[in-house]
Amino acid sequence: MFADSIAIIALSLIIGLPPLIFLLIGVRHGYFDHVDEASRSIFEENELRYHRPWESQSQMQSRLDHHGPLLSNPTTEWERWL
Amino acid sequence: MTRLLVLIMGALATVMFALIVLVIMPRTMLADIKAPEQLKPLSALEARGRQIYISNGCIYCHTQQVRDSNFTADVSKGLGNRPSVPADYVNDAPHLLGTMRTGPDLFNVGSRLPDQNWQLVHLYQPRALVPWSIMPAFPFLFEHKAKAGPNEKTLNLPPAYAPREGVVVVSKDAEAIVAYLLSLKHAYPAPGNDLTKEIAND
Amino acid sequence: MSSPLPSATNKQGQSETQQASTLHHSEVRIRPEEVRAYDDSSRKPVLLAFFLALVWLLVGTVLGDLSSFKFDRPDLLTEQAYLTFGRLRPAHLNVMVYGWASTAMFAVSLWLMPRLCRTTLRWQFAAVSGILVWTLGLGIGLVLLLAGVSDGLEWLELDRYWADPLLVLGASLVGASIWKTLGARQVQHLYVSVWYIAASYPWFAIIFIAGNLPIFKGVESAAVNWFYAHNALGLWLTTVNLGLIYYLLPKIIGRPIYSYWLSLVGFWGLALFYALNGMHHLIGGPLPSWMIATSITASIMMIIPVVAVGINQHMTVVGRFGAMRYSPALTLAVIAAMSYTAVSLQGILTALASVNRITHFTHWTIAHSHLGLYMFVTLSLFGGMYYILPRVLGREWPSPRLIRAHILLAGGGMVLYVLALGIGGVLQGLSLMNPGEAFEISVAQTKPWLLLRSVSAVIISAGHLIFVYHCWRLAYSSRQGHAQHPPFFELKPVLVKKGSAS
Ligand code: HEM
Ligand code: HEM
């Protein structure tokens, strides 16, 4: 019923423009300049260096490459990601 | 602080935009719809019945709308002779359009089932009349008495559903809700209205 | 305003230049002691809110079960007005949405904000009183609702003069604490969860007030009703839970979110399109057609944020599904994230006029509701509780077996629920569409599926009882129990990419 009418196209434009504007504002304010930092901000010191028992060899290797030598968890350390 | 500002302004802007498009604009546009002549305002008794309809949640199983006949079967199923339009609802606050058809639509139930006694018995115990019904019984809208008083109406129930002793008396509440149900008739032709014509063109 | 500032000294001896009070968090990681301090600062309101949420969960479960059984036995408990289906059902909805989900979401937001802003929780007292005021409002509204006082609008039944002002006040107090904490943040960048959570509070206040204004009549009243109800889902329940999932997944997996950029696209797309979705609850109804067309269009556009969120979360976990064996919080968060994608795709499908003409008014909608509110919202909150409670209480969950039982019963039961009503709903819809069939047939065809739903209701309720019992054990056991194995360790991994080992 509502498909392929000009109204749909017009509505899509009206609805679609504001987010584009917000995106531009965001870009202008540098929201996307340091995205990696922002996404890593939730981790505690050394948290990324713990050995995780489910990871494959290659995953462990890349963890080691990126974050330094792996630490083994203290005995109760699996609680950290329970 | 600019980040917070963009967050709060952006968040407010999006929701205000929607509020304007879906609430404020329609409010001004729908403001001048008049009630059709044949649509009578509810009497005091019917209005009381509507309140009981709300407080007992009939709305969670019954709709009061006949959908667009271009793409639904509502009209051909006999729920009404035409789809419902905004003008049919101008007196409704709150609206009772509903979202479930666990039971049949009631928009025109007053024309379909005009018998007051049927409605009363059905309300007291739907399965007395409709064995397969899953509608709840509403015995608390009636009174059990040993004997009916002088001006009181009693229910004529099939033996299987009648109380072992005494009679079932129709309370004011039961009378009110049935009066409301019987008032639900929207057979008059849809009032000419640009907003509603638009539906047909689409 | 004192707070244990993260000292900007950096153990790995990298950049020393970021001594400003606002940190670039690139290099400076939080120390575990600081995290403890943040958790301690929010401990009181978090525990209070989780406790109340669990009470509401049990109440809502009883109400849901009774509503369900009444479809199979319509003469069950009909003598008292307050036990009639038409009162228990809205009570179920309001208790689950405002009691269980919203209160647990208060706890989640109050716990997350200090961690994400790297500062202690501000205005803790406001948060605590907000939670109490909210609960009081809901309690009053619930009693009135059962006594027959209802505003008559779905999702807005709670009394607009006695209950709703308290709810607004309560949410605003909690929101004030959240925003105060945000204002005092010690980091420059906002993690994506902060966007979702912080925005949800002003959104909720605006839509809830707009929805409750007593000035609307006729079809406008319907428009406002669904404007509110849809946004309560999209800009409140969904957003806070997406914020939680965005935190849990990377945290547990030990890997940053796949693409921060996508997550922002997801956020703004959701904010804009979701807010316009409301009228798709009235497709074919007596509203001006442009309103409904707007909502259908916006519903279809929801594909953008949904896919953005879906890809992002999937790519974060991909190749590491084995981790679900170790962490119930992750298991639940992953199922919740998948359900979010599933329920949204189902919703988009349902919003198409050609599908909606069949499924509107049927139990298909109830299946969709519970896919969203249970498999997504509730499981995500369960996951959050499995993660948060041990950290706040400083103890480990006593029993992996109880965790396993809870997840299997609740999750499995709800899968059954959704499948049963999904099938039943389509059959019902096809029958209602067919001019040749009497109404009786649509009832007869749904009956067996409604019975199956009641079976699943019992299963799910058992899961809830186990969970509440387990929380009670966690809170009151003196033993600082240490489980030997993570709860899912013995199970074969359900979701593991072949060949990721080695
Ligand atoms: C024990 C588990 C549950 C059971 C047995 C259950 C049962 C039910 C029943 C019987 C209905 C009425 C359906 C109808 O009118 O045909 C319903 C509706 C609803 N329930 Fe539940 N429910 C459960 C859990 C939940 C949870 C945890 C939530 C939310 C967090 C929830 C939210 C809702 C909502 C929003 C509706 C209204 C749906 C609509 O109008 O489309 N339910 N539920
Ligand atoms: C893009 C995403 C979504 C779309 C397009 C969508 C679409 C819809 C549509 C069209 C309906 C009305 C069905 C009818 O009455 O015929 C509906 C109802 C509903 N949706 Fe969604 N949905 C989406 C996501 C969600 C999510 C994420 C949740 C849960 C958190 C959810 C929860 C509900 C509930 C509870 C109802 C029932 C409301 C009621 O009748 O009381 N939806 N949805």
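To find a chain, count down the sequence lines: A is the first, B the second, and so on, and within it residues start at 1.
- Listed here is the closest heavy atom pair of B:Leu22 and C:Ser295: CD1-OG, 4.2 Å.
- For the atom pair C:Leu146 CG and B:Ser55 OG, the distance stands at 11.5 Å (nearest 0.5 Å).
- At a 4.5 Å heavy-atom cutoff, B:Ile52 makes no contact with chain C through either its backbone or its side chain.
- Looking at B:Val85, B:Leu97, B:Val66 one by one, the single match for side-chain contact (heavy atoms from CB on, under 4.5 Å) with C:Pro286 turns out to be B:Leu97.
- With a threshold of 4.5 angstrom between heavy atoms, B:Thr63 approaches chain C through side-chain atoms but not through N, CA, C or O.
- At a 4.5 Å heavy-atom cutoff, the contact between B:Thr102 and chain C is made by backbone and side-chain atoms alike.
- A distance of 11.5 Å separates OH of B:Tyr89 from OG of C:Ser221, quoted to the nearest 0.5 Å.
- Listed options B:Leu19, B:Asp74, B:Val130 were ranked by heavy-atom pairs under 4.5 angstrom with chain C; first place goes to B:Leu19.
- Heavy atoms of C:Leu156 lying under 4.5 Å from chain B are absent altogether.
- Both the backbone and the side chain of B:Pro136 come within contact range of chain C, each with at least one heavy atom under 4.5 Å from a heavy atom of that chain.
- In this structure, C:Thr78 OG1 and B:Phe140 CZ are separated by 8.0 Å, a value rounded to the nearest 0.5 Å.
- With a 4.5 angstrom heavy-atom cutoff, B:Tyr53 does not touch chain C via any of its atoms.
- The minimum heavy-atom distance linking B:Cys61 with C:Phe85 is given by the pair SG-CE2, 3.8 Å.
- Your options are B:Ser133, B:Gly103, B:Gly98, and the one with the most heavy-atom pairs under 4.5 Å with chain C is B:Gly103.
- Contact of C:Ile366 with chain B is made through the side chain alone, with heavy-atom distances under 4.5 Å.
- Closest approach of B:Leu30 to C:Pro288, counting heavy atoms only: CD2-CG, 3.9 Å.
- Ion pair B:Arg127/C:Asp75 flagged as a salt bridge, since at least one NZ, NE, NH1 or NH2 atom sits closer than 4.0 Å to an Asp/Glu carboxylate oxygen.
- Interface remark: B:Val21 contributes backbone and side-chain atoms alike to the contact with chain C (heavy atom separation under 4.5 Å).
- Put simply, the side chain of C:His360 does not reach to within 4.5 Å of the side chain of B:Arg101, judged on heavy atoms.
- If you measure heavy-atom distances from C:Leu88 to chain B, you find no contacts under 4.5 Å at all.
- The parts of C:Leu432 that come within reach of chain B are both its backbone and its side chain, each placing non-hydrogen atoms under 4.5 angstrom from that chain.
- Note that the CD atom of C:Glu79 and the NE2 atom of B:His144 stand 6.5 Å from one another [nearest 0.5 Å].
- Contacts of C:Phe267 with chain B are made by side-chain atoms alone, with heavy-atom separations under 4.5 Å and no backbone atom involved.
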